[in-house]
Amino acid sequence: MSPAVSNNASRRAAELRERLDEASHRYHVLDAPTIPDAEYDALMRELEALEAAHPELVTSDSPTQRVGAAPSSAFAEVRHEVPMLSLANAFSDEEIGEFVRRIRTRLDLNADASLKFSVEPKFDGLAISLRYEDGKFVRGATRGDGETGEDVTANLRTIKQIPLKLHGKGWPTVIEVRGEVYMPRAGFEKYNETARESNGKIKPLINPRNAAAGSLRQLDPRITAKRPLAFYAYAVGVVEGGELPTTHSAMLKKLHAWGFPVSTLVDTADGAQGCLTYFHRVGEQRDALPFDIDGVVYKIDDLATQRELGFVGRTPRWAIAHKYPAQEQTTTIEAIEINIGRTGAATPTARLKPVFVGGVTVTNATLHNADQVARLDVRIGDTVIVRRAGDVIPEVARVVVERRPAHTHRWKMPAHCPICGSAIVREEGEVVARCTGGLACAAQVQQALFHFAARRAMDIDGLGERFIEGLTDFGYVKSPADLYKLKLHDLLEMKRRADERDGTTPETVKAGKVATKWAENLIEAIAQSRRTTLARFLYSLGINHVGESTAKALATWFGDIALIRHLPWPILKLVPDIGGEVARAIDAFFEQDGNQRVIDDLLEHGIVITDAHAPIAKVRAALTTANVLADMELPGITEKRSEQLAQAFDSLEAILHAPPAKLSASGVPLDVAAALASALEQAQTRELFKRSAHAMHLLLERAESAKGAAGPLDGKTVVLTGSLNSLTRDEAKDKLEALGAKVAGSVSKKTSFVVAGAEAGSKLDKATELGVEVWDEARLVKFLHAHAG
DNA sequence: GCCCCTCGAGTTCA
DNA sequence: CTCGAGGGGC
């Protein structure tokens with residue numbers, strides 16, 4: 001070995017020791033970890049490997065030679081007569097193969113001889129030891145460094161899952177039961193919710209594991225008692241005056257019989273293959289478990305074989321922890337960028353130094369909004385802990401302030417849009433900041449086009465962000481309507497210019513050929529999208545507050561874009577689930593000349609709406625002068641007042657042209673009449689009256705008569721509950737709606753009937769309570785069948 | 001006026 | 001999937 005190599009290794013080993021010591025101290029003594037467990041494990045493994053390769057580097061104070069740091073002095077020390085183990089870790093199938101092979105070699109077993117393991121989840125909590133004398137709980141201690149822990153008896157007594165007296169009989173005179181104290185996820189979430197509501201008085205917990213550790217180290221057991229802690233037993237230490245079973249799995253059963261919780265995930269497995277199968281089986285359930293686990297543990301089941309295999313240092317040869325990919329990792333923030341959405345929403349995104357978390361490499365993480373950035377105080381250059389919690393989307397869990405470089409400053413939302421330079425404004429009381437550029441902002445235009453082409457909107461297959469960028473950047477497309485004017489050569493030209501600009505030369509060009517297939521496909525996809533439904537068309541326009549559901553409602557109620565594009569907001573409000581805010585947003589969208597031009601353009605250049613129809617009968621029913629008047633949100637005009645006015649005047653025009661004296665004579669209080677009169681003096685209100693009156697006439701003229709359109713369930717409100725066999729809830733909903741019913745989510749006295757499938761819950765109870773009619777699935781199916789077509 | 005529920009908008013990676 | 005906010009029931 002060359003001196004240079006040895007020198008490097010020695011320096012690296014020293015560095016690793018320093019970092020591990022520091023982390024260990026913060027973790028065990030201060031309860032304030034600075035690096036995630038996975039990183040600690042990785043550093044430890046590197047050091048172990050280094051020391052294995054260069055035994056001369058091993059020092060007596062190396063972290064590999066002891067586990068954990070000295071306990072803090074707040075609690076009495078407890079010496080573990082039988083030391084509490086630490087397990088070797090494995091991260092890959094190969095390592096498990098090697099582990100099992102080593103055991104077979106030592107035991108002189110063939111590769112195909114059966115080798116039984118007791119397998120169990122590895123809880124992410126805090127290992128403890130419970131001592132029972134004559135069946136009574138006398139002392140509980142933390143693991144500490146494995147040799148010496150802390151006496152936390154008083155705190156452990158508060159955990160209801162820990163028996164204070166052993167159940168059954170046949171237990172040894174003295175027995176130490178070992179296991180894990182942990183905090184279930186639900187309890188953890190609930191605690192943190194309370195902490196958030198406390199406005200900083202209660203500090204939120206970083207993770208369930210820390211929560212468990214912190215709770216056990218409370219000086220006041222009454223505080224511990226309030227924390228939702230739980231316990232699982234998985235081993236025994238000292239045993240005196242009694243016999244135990246001869247296998248680990250039998251011993252766990254015994255512990256269970258004596259009153260200890262034992263995980264239901266505990267099982268046995270044969271050989272490496274059996275262990276790996278178990279690993280994957282538990283891994284699939286991992287996210288759904290009510291507690292955190294960071295891996296599984298395999299132990300040789302036969303206790304005599306365990307003794308035969310023995311230990312290396314303090315780690316047993318007969319057991320290993322097989323860990324899952326880390327769900328947390330540290331990385332650094334390289335930049336904080338602003339994304340502009342379709343509505344102009346400016347979302348800060350963290351650009352990360354790529355890290356492998358939970359099975360994928362993460363480079364971006366959303367920071368949601370400025371408040372979130374402020375809460376975390378994320379700064380450029382910071383070291384952060386990135387998490388892929390339960391789901392998929394990575395988030396920055398917290399900043400490791402200790403590793404913050406010098407001269408950083410708090411991040412601030414920029415005042416101007418990075419794309420178009422317009423002001424970024426955050427409305428009072430709103431969480432999101434928005435770019436005010438509107439159609440002048442290239443980012444907003446691109447996002448609008450992206451939305452337009454989306455699968456659930458116009459469904460233009462293959463029109464992704466890259467093409468949209470090229471098409472808008474070179475001016476081929478300024479509005480959705482331009483898409484339908486594109487010719488093949490436009491696309492090819494655009495591609496050529498984009499390649500030129502980006503300095504990318506495709507293979508095909510080098511070969512002297514031009515690839516055209518993609519362009520033909522795109523032109524075809526655009527042509528395909530021309531025929532569409534009214535609901536999709538409305539949704540694709542990207543009107544603020546109009547998503548799929550609202551678009552569908554508008555399409556069903558009014559049936560025709562020619563009508564919808566001119567409806568004033570008080571009329572739009574007649575549609576259930578459309579309130580003032582949404583109605584005004586729709587009205588405002590169509591008030592913009594630019595938007596009207598785009599719609600004209602789209603219709604002229606080939607959009608075909610295949611399902612146009614007359615306004616449904618419900619429109620006619622809802623379109624009374626009283627309803628529209630009440631929807632106008634005029635001061636003092638309640639439903640009751642608008643009824644009175646409608647009775648007195650019959651039409652909106654009549655009210656508009658009524659002299660103030662006549663208004664007062666309508667039966668409404670004088671001050672209300674006066675307020676109405678003064679409102680009617682405003683041009684804006686008069687305009688709204690005129691538009692509404694006009695729209696009423698138009699709609700009434702065109703609306704289907706109630707008779708013609710009446711479905712068998714017209715006017716009925718139906719609630720679905722439980723699961724159906726012959727069709728899904730969605731299908732049932734569609735079919736019921738097609739027959740005129742409104743399908744609601746909860747039962748009230750207005751409900752016409754409830755369809756109860758299998759395992760119907762509280763909604764069925766409510767229906768019975770309110771005396772609402774209940775249908776079973778058979779009756780529904782029969783009914784749908786009878787009215788099919 | 002308060003609470004519950006549904007809808008909309010934004011987001012990551014293979 | 002998750003958060004925020006609009007709608008509407010009580």
Side-chain angles (χ1 to χ4, degrees), chain A residues 189 193 196 287-288 325 327 329 331 337-352 354-372 375 386-396 426-435 443-444 446-448 450-452 454 456-457 464-465 535 538-554 569 572-586 589 630-631 633 638-639 717 719-721 729-730 733 742-751 762-763 766 770:
Chain A
E189 297 299 340
E193 201 176 302
R196 274 194 296 277
D287 285 344
Q327 285 173 324
Q329 278 294 355
T331 186
E337 289 172 1
I338 299 294
N339 266 323
I340 305 293
R342 169 166 68 84
T343 63
T347 312
T349 316
R351 242 310 120 69
L352 307 167
V355 265
F356 195 68
V357 188
V360 297
T361 304
V362 172
T363 50
N364 293 306
T366 177
L367 294 165
H368 302 295
N369 53 55
D371 282 1
Q372 173 78 354
R375 226 176 355 252
V386 176
R387 185 197 298 153
R388 259 170 61 110
D391 58 322
V392 203
I393 295 169
E395 59 176 2
V396 173
R426 182 172 168 184
E427 294 291 331
E428 189 86 23
E430 291 255 313
V431 178
V432 288
R434 297 194 135 84
C435 160
Q444 287 185 56
Q446 283 171 13
Q447 290 296 315
F450 189 65
H451 172 80
F452 182 85
R456 310 186 76 110
E465 274 183 70
L538 285 169
Y539 175 58
S540 72
L541 294 176
I543 305 166
N544 214 353
H545 293 125
V546 178
E548 270 187 293
S549 172
T550 309
K552 202 170 150 191
L554 287 169
W569 61 263
L572 293 165
K573 266 183 76 178
L574 297 171
V575 179
D577 296 333
I578 294 184
E581 200 72 28
V582 177
R584 274 187 288 271
I586 299 168
F589 177 88
D631 275 351
E633 299 174 13
T638 58
E639 262 178 59
T717 304
V719 174
L720 298 170
T721 180
R729 289 265 288 257
D730 278 350
K733 188 176 173 212
K742 176 178 159 62
V743 178
S746 56
V747 181
S748 71
K749 54 180 188 284
K750 285 159 72 184
T751 308
S762 60
K763 282 188 240 177
K766 185 105 184 255
L770 295 172

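Worth saying up front: this structure is predicted, and the values here are computed from it rather than measured.
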Here the distance between atom P of B/dG8 and atom OH of A/Y539, to the nearest Å, is 8 Å
Sorted by chain and residue number, the ring pair (Phe, Tyr, Trp, His ring centres under 6.0 Å) partners of A/H368 (sequence neighbours excluded) come out as none
Does a side-chain N or O from A/T343 land closer than 4.0 Å to OP1 or OP2 of B/dG10, or not? yes
In whole angstroms, how far is the P atom of C/dG8 from the CD atom of A/E633? 11 Å
Counting heavy atoms from C-beta on, name the nucleotide in B/dT11, B/dA9, B/dT12 closest to the side chain of A/N544. B/dA9
What is the distance from CZ of A/R456 to C1' of B/dG10, rounded to the nearest Å? 15 Å
Please write out each protein N/O paired with an N/O of nucleotides 4-7 of chain C under 3.5 Å, distance rounded to 0.1 Å.
| unit_1 | atom_1 | unit_2 | atom_2 | d |
| --- | --- | --- | --- | --- |
| C/dG7 | OP1 | A/G579 | N | 3.1 |
| C/dG7 | OP1 | A/G579 | O | 3.2 |
| C/dG7 | OP1 | A/E581 | N | 3.3 |
| C/dG7 | OP1 | A/V582 | N | 2.7 |
| C/dG7 | O5' | A/G579 | N | 3.3 |

Any non-hydrogen side-chain atom of A/E633 less than 4.5 Å from a side-chain atom of A/K573? yes
Measure the distance from CD on A/E395 to P on C/dC3 and round it to the nearest whole Å. 9 Å
Within the pair A/S549 and B/dC7, is there a side-chain N or O less than 4.0 Å away from OP1 or OP2? yes
Whole angstrom value for the distance that separates C1' of B/dG10 from CZ of A/R434: 11 Å
Hey, could you give me the OG1/CG distance between A/T550 and A/N544, rounded to the nearest 0.5 Å? 11.0 Å
Pairwise side-chain contact, A/V432 with A/R434, heavy-atom cut-off 4.5 Å (strictly under): yes
Between B/dA9 atom C1' and A/H368 atom NE2, what is the distance in whole Å? 13 Å
Are OP1 or OP2 of B/dG8 and a side-chain N or O of A/T550 less than 4.0 angstrom apart? yes
Any donor and acceptor pair, going by atom type alone, linking the side chain of A/R342 with main-chain N or O of A/G542 inside 3.5 Å? yes
With A/E548, which residues qualify under salt bridge (Lys or Arg N to Asp or Glu O under 4.0 Å), at least two apart? A/R456
Protein-nucleotides 2-4 of chain B N/O pairs closer than 3.5 Å?
none

Identify which nucleotide among B/dA9, B/dT12, B/dG8 has an atom closest to any side-chain atom of A/R342, counting heavy atoms from C-beta outward. B/dA9
Counting only side-chain N and O atoms of A/T363, is one of them less than 4.0 Å from OP1 or OP2 of B/dT12? no
Between A/Q372 (CD) and B/dT11 (P), how many Å, whole number? 13 Å
Would A/D371 and A/R426 satisfy salt bridge (Lys or Arg N to Asp or Glu O under 4.0 Å), going step by step from the backbone distance to the final call? CA-CA 11 Å; A/D371 282 1; A/R426 182 172 168 184; 3.1 Å; yes
Partner set under ring pair (Phe, Tyr, Trp, His ring centres under 6.0 Å) for A/Y539, not counting sequence neighbours: A/H451
5' priority, DNA chain B, between A/V362 and A/V546 [closest heavy atom]: A/V546
Let me know the distance between CG of A/N339 and P of B/dA9, rounded to the nearest Å. 17 Å
Would a 4.5 Å heavy-atom cut-off, applied to side chains only, mark A/L541 and A/V546 as touching? no
Considering only distance and modelled atom types, tabulate donor-acceptor pairs under 3.5 Å from the side chains of residues 344-351 of chain A, sequence neighbours left out.
| unit_1 | atom_1 | unit_2 | atom_2 | d |
| --- | --- | --- | --- | --- |
| A/T349 | OG1 | A/N339 | ND2 | 3.1 |
| A/R351 | NE | A/N364 | OD1 | 2.8 |
| A/R351 | NH1 | A/E337 | OE1 | 3.3 |
| A/R351 | NH1 | A/E337 | OE2 | 3.2 |
| A/R351 | NH2 | A/N364 | OD1 | 3.4 |

